[in-house]
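The structure appears right after this line, and notes come after that.
In what follows, chains carry the letters A, B, and so on, assigned in the order in which the sequence lines appear, proteins first and then strands, with residues in each chain numbered from 1. Both backbone and side-chain heavy atoms feed into the values below; hydrogens, waters and symmetry mates do not.
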2 protein chains.
Amino acid sequence: MKDTHTHFTIGTLAKKANCKIETIHYYEKIGLIPSPPRTEGGHRLYAMTDSKRLNFIRRCRELDFSIEQIVELLKFIDEPDHYCGEIKAMAMIQAREVQKKIDDLEHLKKALNDMVSQCKGEGFSIDNCPIVDALYVEPEEFG
Amino acid sequence: MKDTHTHFTIGTLAKKANCKIETIHYYEKIGLIPSPPRTEGGHRLYAMTDSKRLNFIRRCRELDFSIEQIVELLKFIDEPDHYCGEIKAMAMIQAREVQKKIDDLEHLKKALNDMVSQCKGEGFSIDNCPIVDALYVEPEEFG
DNA sequence: ATAGAACCTAAAGTAACTATAGGTTCAAGC
DNA sequence: GCTTGAACCTATAGTTACTTTAGGTTCTAT
């Protein structure tokens, strides 16, 4: 019996991280995750650490972080010799970025909800739709 | 004197819609906006209708609608027999999507802030990182 | 031993633009 | 009328973060 609890194939890793095998290949190619050991035949073998790392990456991607930003975040993890001050500073910068993104999205949400609440959905034709009107905004200077 | 009030060049249109000339070229190429008439020399000439349409497209893009979704929205606008219920539905779906993203980001922000306040001086490794722990979600079946 | 699932590499395709190259036209100033 | 430079033209390549395709190899279960 193989030690399937501590070592698994790329397909299993993909399922664990909820992504495709090709995505893992891609991350390896760009150096976001390390090249794992292989079987005799060349199949990749992963461990829990890899799963955690990939999971982190995928969650960050879901949150719209760019690969470049994730590289930065992973520095927190990959360089444990960093002093606390540096880590703190980077985490704070990252938190500010996140806040900015939240603010942007709140704005977006409000715009969408405003449109929705002004529109009764029925009885309005396109010529008389608040959503269309809301989106057809002329710029101040070039009307 | 040219009729600059009703006809303008691509550069002017770009400014009106707050986008680049190349983006307009691109939209024309993919058929999102019609090919306008040209001058003798081949320069594109636009009218107010074009400006309105492009403005609508750009606003939708700002709201994270995909080009494909915008094609759908424009169908509703181009076919006056449609009611705006469809547009409302799409806006609602979009708003829900945005809310989900906000919730995730709030989570991440908390994780980052927690990390800042928990930082005591040692570095974090992959197995000992508050951010990773906060983001790592065990998959249901594959723990 | 063999079938088929899972894996491998390399290259091309996708969305929604952006950037570059190299040439043409237009409008203003002399 | 001529020149100059901004604005425009086309076509192609580059960007990000993957996904898809093609064609071949390995692994595992019967």
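Remark: B:Asp104 does not engage B:Lys100 in a salt bridge, criterion side-chain N to carboxylate O under 4.0 Å.
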In the 5'-to-3' direction, what one-character label does each nucleotide of nucleotides 7-20 of chain D receive under the scheme B = base within less than 4.0 Å of a protein heavy atom, S = sugar-phosphate only, - = no such atom? -SSB------BBBB
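We find that CD of A:Glu40 is positioned 13 Å from P of D:dT28, with the value rounded to whole Å. Regarding B:Ile24, its CD1 atom lies at a distance of 14 Å from the C1' atom of C:dT18, rounded to whole Å. If you measure from atom CD of B:Glu28 to atom P of C:dC17, you get 15 Å, rounded to the nearest angstrom.
Because its NZ or CZ atom is both nearer than 6.0 Å to the ring centre of A:Phe65 and within 45° of the ring axis, A:Lys101 counts as a cation-pi partner of that residue.
Within the 4.5 Å cutoff, the side chain of B:Arg44 has heavy atoms near those of the B:His25 side chain.
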Show the numbers, then the answer: is there a side-chain contact (heavy atoms from CB on, under 4.5 Å) between A:Leu32 and A:Tyr26? CA-CA 9 Å; A:Leu32 203 58; A:Tyr26 171 71; over 6 Å; no
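Between the side chain of B:Arg58 and the backbone N or O of B:Glu62 there is no donor-acceptor pair closer than 3.5 Å. Between the side chain of B:Asp50 and the backbone N or O of B:Ala47, at least one donor-acceptor pair lies under 3.5 Å.
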Can you check nucleotides 1-3 of chain D for protein contacts, nitrogen or oxygen pairs under 3.5 Å, and list what you find?
none

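If you chain together hydrophobic residues whose side chains sit under 4.5 Å apart, A:Ile30 and A:Ile21 fall into the same group.
Counting non-hydrogen atoms of neighbouring residues, nucleotides and ligands closer than 6.0 angstrom, the CG atom of B:Asn18 reaches no more than 12 such neighbours.
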